Amino acid sequence: MKNQLLSINDLSHSDVLSILNTAAELEKITSGANKKLPTLRGRTVVNLFFEDSTRTRISFETAAKRLSADVINFSAKGSSVSKGESLKDTAQTLQAMGADAVVIRHGSSGAAQRLADSGWISATVINAGDGTHEHPTQALLDAFTISKAFPDRKNDFSGVRVAIVGDILHSRVARSNVLLLTKLGAKVTLIAPPTLLPVGVEQWPVDISYDFDAEIENFDVVMMLRIQLERMSNFFFPNEREYSRRYGLNETRLSRMKKSAIVMHPGPMNRGLEISASSADSSRSVIVDQVGNGVVARMAVLYLLLGGAPISEVLS
Ligand code: CP
């Protein structure tokens, strides 16, 4: 496995299986009263967040602490970035403080790659979401969630049909999930209005549909995406009500899904826009599970990338 995680393309099929299997093992080990392992004791993980986050930042912090690493949380708001300090100077300051891993979220696509390629720091770089490009650990936690929902598949998603619905254009989650879920054998369909699909999407290894109602009965997984109003400078649909009517997940659509199908959403949700409150809170929603799975998936990534001591050794 490479010692950086910038894109799902950095991971081979066996790397992905190794992460999913390690996450499952870590979940078993840390599900009791003692949630902490000493495996990354003495290592320092820096969360370098230039964009807002709740789930990703807190789960990386929790994951690192459960592995006994020291954690430094850096948020651009309230830091010297607001006085104009560059990414280079910020990164080098954190390196000087002894960072072994830098988990970076940034509004610009390619920022994580820039940091990794720059030579400014020697720490392992993990992409926690860069612009509209990728969010690899979100895809890993999503795959782990699907794997738990369909345990007899044993991480082989051949024949599993996944719909990713909504604002594909602005979604780093969609890009990473298409790469990862197809690597595991799933058949992915993107469902969106034409205005919310990126240029070149016909080259992606997916089916495309503009008609949610015509397709909804076919899927094992329905992954709803947030409408990213903050990234929209143009009008991509007539109005929110019209979008919700054609592409939102509501009770009627929920009732037409396969009985075994699950509902996913990476969060944060626009309740009432891309997903109704009753769908988000329904018994087939695994949205809260996704958050919990994010901790063990990120523990697995930190553990494997930072070369933590073998789990069997640290337990003995
Ligand atoms: N899913 C996700 O990346 O959520 P946050 O923006 O809260 O981290």
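Ligands are counted one by one from 1 in listed order, and the atoms in each one are counted from 1 as well. Just so it is clear, the model here is predicted, and its values are computed rather than measured.
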| Under 4.0 Å to a heavy atom of Gln138 - the qualifying atoms of ligand 1, by number | 1 (N), 2 (C)

| What are the two closest non-hydrogen atoms of Met299 and Arg66, and how far apart are they? | CE-CB, 3.6 Å

| request: Return yes when Arg105 approaches ligand 1 closer than 4.0 angstrom through a heavy atom, no otherwise. | output: yes

| When you look at NZ of Lys154, are more than 12 heavy atoms from neighbouring residues, nucleotides or ligands closer to it than 6.0 Å? | no

| task | Look at the side chain of Arg161 and the backbone N and O of Ala186, then say whether any donor-acceptor pair between them is shorter than 3.5 Å. | result | no

| message | Any donor-acceptor pair under 3.5 Å linking the side-chain atoms of Asn155 with those of Ser147? | response | yes

| query | Counting from 1, what ligand 1 atoms have a heavy atom of Thr56 closer than 4.0 Å? | reply | 2 (C), 3 (O), 4 (O), 5 (P), 8 (O)

| query | Can you list the atoms of ligand 1 that are under 4.0 Å from a heavy atom of Thr54? | reply | 5 (P), 7 (O), 8 (O)

| query | Numbering the atoms of ligand 1 from 1, which are under 4.0 Å from a heavy atom of Gly267? | reply | 1 (N), 2 (C), 4 (O)

| request: Kindly determine whether Lys77 and Asp52 satisfy salt bridge (Lys or Arg N to Asp or Glu O under 4.0 Å), including the steps that lead there. | output: CA-CA 9 Å; Lys77 273 183 205 146; Asp52 294 344; 2.7 Å; yes

| How far is atom 1 (N) of ligand 1 from its nearest protein heavy atom, and which residue and atom name does that atom have? | Pro266 O, 2.9 Å

| field | Top protein contact for atom 4 (O) of ligand 1, by heavy-atom distance | value | Arg55 NE, 3.1 Å

| said: Is the positively charged end of Arg298 above the ring of Phe60, judged by distance under 6.0 angstrom from the centroid and angle within 45° of the axis? | reply: yes

